[in-house]
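Below: the structure, in structure tokens.
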2 protein chains.
Amino acid sequence: MGRARATREQIIEAADRLFYRQGYEHTSFAAIAEAVQISRGNFYYHFKTKDDILAAVIDARLAERRRMLERWEAEEPTPAGRIRKYIEIPLTNRADVQMYGCPVGTLSTELAKLNHASFAEANSVFTLFRTWLREQFALLGHESEADALAMHVIAFSQGVATLANAFRDEGFIWREVKQMSDWLTAYE
Amino acid sequence: MGRARATREQIIEAADRLFYRQGYEHTSFAAIAEAVQISRGNFYYHFKTKDDILAAVIDARLAERRRMLERWEAEEPTPAGRIRKYIEIPLTNRADVQMYGCPVGTLSTELAKLNHASFAEANSVFTLFRTWLREQFALLGHESEADALAMHVIAFSQGVATLANAFRDEGFIWREVKQMSDWLTAYE
DNA sequence: GTCTATAGACCGATAGAC
DNA sequence: GTCTATCGGTCTATAGAC
């Protein structure tokens with residue numbers, strides 16, 4: 001049981017990484033199996049279909065982001081400090097962002113085009129951020145516009161990620177994050 | 001000769017549409033051939049490889065966007081009015097944007113993940129916008145920061161498109177475009 | 001008769017699935 | 001390990017305009 005669980009998690013980890021770097025559709029069973037160094041037969045013991053793996057990857061991402069937000073709440077005493085943590089994501093992950101874009105945004109974009117059943121599930125990561133940011137803005141005393149501000153911050157992040165990916169320009173990320181961080185001071 | 005040209009352009013048109021709606025990799029020869037109502041054999045008379053079609057689609061998009069910018073220059077006498085036209089794109093195309101995102105951004109994102117040779121070519125549409133917006137900001141007297149402002153506007157557009165696609169929220173587009181339009185007045 | 005445009009059988013490789 | 005579907009891509013035959 002412990003062994004099966006470890007293998008299962010290795011598969012999810014490898015799939016997560018490959019879906020992010022190569023896209024969901026472009027990633028084959030064989031590629032994941034090879035990355036985990038297991039046979040395809042063993043593979044099917046853990047996941048019956050590719051959609052099953054996708055669902056597991058999305059669940060894992062959701063759980064990981066939840067933990068990240070909890071960590072931020074422990075580290076940053078003020079709502080503004082927490083929002084700033086979110087704004088800085090493209091900078092914190094700049095190497096990956098330039099190479100592969102945002103994991104959440106690019107998966108959402110791909111699943112939208114595939115008309116995939118897990119499209120809504122994948123967007124629940126966006127919703128997690130949206131709800132959390134909304135809370136932080138509400139704590140800052142901007143209840144009535146909290147949701148619009150939350151969406152604005154996420155949109156900023158997505159725009160920066162997409163262009164940083166297209167142009168592979170780190171200076172651009174620095175400038176945009178600085179600007180957004182300055183914008184936030186008006187709401188502190 | 002005239003017949004061939006018509007067929008060729010029909011193929012490019014159908015491929016453009018399908019690449020946008022379903023993604024490049026997810027769109028098969030068979031799907032394009034069916035959309036144009038020709039056989040797959042005929043198809044290969046006009047394009048040898050799938051990459052050839054992609055290149056033709058990118059060229060067509062570049063030409064189309066160039067014409068659009070020229071149209072805007074004719075219609076809008078002021079640089080600010082022209083920039084505003086760009087800012088309003090997500091609103092103008094809101095139905096498609098909500099369903100399929102931005103054609104330029106989503107193709108760039110997909111080709112980045114596929115490590116596709118035409119990645120740079122696809123981004124030339126971004127560069128077209130970037131150069132054009134930079135010129136408009138320079139005309140407004142903001143030469144030193146013109147490029148950063150151009151990138152900022154494109155990033156805004158990409159962020160709005162990605163989130164509008166994920167949440168299928170038209171109100172969000174209206175709010176963001178309004179906000180960005182107001183932001184622009186500070187530079188007029 | 002020639003050339004353009006079209007059709008469709010066919011190929012090897014690889015995909016997801018069992 | 002195998003099965004079936006489908007992928008991108010090649011090849012040949014031929015219909016029709018000139």
Side-chain angles (χ1 to χ4, degrees), chain A residues 4 7-8 10-60 107 110-119 121-122, chain B residues 1-60 107 110-119 121-122:
Chain A
T7 302
R8 190 188 149 87
Q10 275 184 10
I11 292 174
I12 295 173
E13 207 173 307
D16 190 346
R17 178 191 171 91
L18 286 169
F19 290 171
Y20 176 38
R21 299 197 169 195
Q22 314 188 338
Y24 170 69
E25 194 175 29
H26 192 58
T27 300
S28 65
F29 273 97
I32 303 172
E34 194 198 22
V36 188
Q37 294 279 32
I38 60 173
S39 68
R40 304 219 331 281
N42 189 359
F43 196 98
Y44 275 99
Y45 172 76
H46 296 282
F47 295 98
K48 301 308 165 207
T49 72
K50 200 177 173 183
D51 291 358
D52 287 344
I53 308 174
L54 177 60
V57 165
I58 292 172
D59 282 349
L107 182 62
E110 182 178 1
L111 296 185
K113 288 205 195 294
L114 301 184
N115 224 331
H116 196 285
S118 292
F119 173 62
E121 261 301 294
Chain B
M1 185 59 176
R3 228 172 45 207
R5 183 165 174 73
T7 303
R8 189 187 149 88
E9 259 152 45
Q10 276 184 10
I11 291 173
I12 294 173
E13 208 174 307
D16 190 346
R17 178 190 172 90
L18 286 169
F19 289 170
Y20 176 38
R21 299 196 168 196
Q22 313 187 339
Y24 170 68
E25 194 175 29
H26 191 60
T27 301
S28 65
F29 275 93
I32 303 173
E34 195 199 20
V36 187
Q37 294 278 33
I38 60 172
S39 69
R40 286 186 2 88
N42 186 3
F43 194 99
Y44 277 97
Y45 173 79
H46 297 279
F47 295 96
K48 299 311 164 207
T49 71
K50 200 177 175 185
D51 291 357
D52 286 345
I53 309 172
L54 177 60
V57 166
I58 293 173
D59 282 348
L107 182 62
E110 182 178 1
L111 297 185
K113 288 205 195 295
L114 300 184
N115 225 331
H116 196 284
S118 293
F119 173 63
E121 262 302 294

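Scope of the values below: all heavy atoms of this structure, side chains included, with no hydrogens, waters or symmetry mates.
Atom CD of B/E13 sits in a sparse spot, with 12 or fewer heavy atoms from other residues, nucleotides or ligands closer than 6.0 Å.
Taking atom NE2 of A/H26 as the reference point, atom C1' of D/dC7 lies 13 Å away to the nearest angstrom. Computed from coordinates, the B/Q10 CD to C/dA5 C1' distance equals 13 Å when rounded to whole Å. What separates CD of B/Q22 from C1' of D/dC7 is a distance of 15 Å, to the nearest Å. Atoms CG (B/N42) and P (C/dT4) sit 14 Å apart, rounded to a whole Å. In this structure, B/R8 atom CZ and C/dA5 atom C1' are separated by 14 Å, rounded to whole Å. C/dA5 atom C1' lies 17 Å from atom CD of B/Q37, rounded to whole Å.
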Candidate pair B/H116 and B/D51, rule side-chain contact (heavy atoms from CB on, under 4.5 Å), full reasoning
CA-CA 9 Å; B/H116 196 284; B/D51 291 357; 3.0 Å; yes

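Here the side chains of A/F43 and A/I53 are in contact, with some heavy-atom distance below 4.5 Å.
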When every nucleotide of nucleotides 12-18 of chain C is labelled 5' to 3' by its protein contacts under 4.0 Å (heavy atoms), B for base, S for sugar-phosphate only, - for none, what sequence of letters results?
---SSBB

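The aromatic ring centres of A/F47 and A/F29 sit 6.0 Å or more apart.
For A/D59, the side chain to side chain donor-acceptor pair (under 3.5 Å) test picks out no residue, with sequence neighbours left out.
The minimum heavy-atom distance between B/A33 and B/R40, with the atom names listed, is CB-CG, 4.1 Å.
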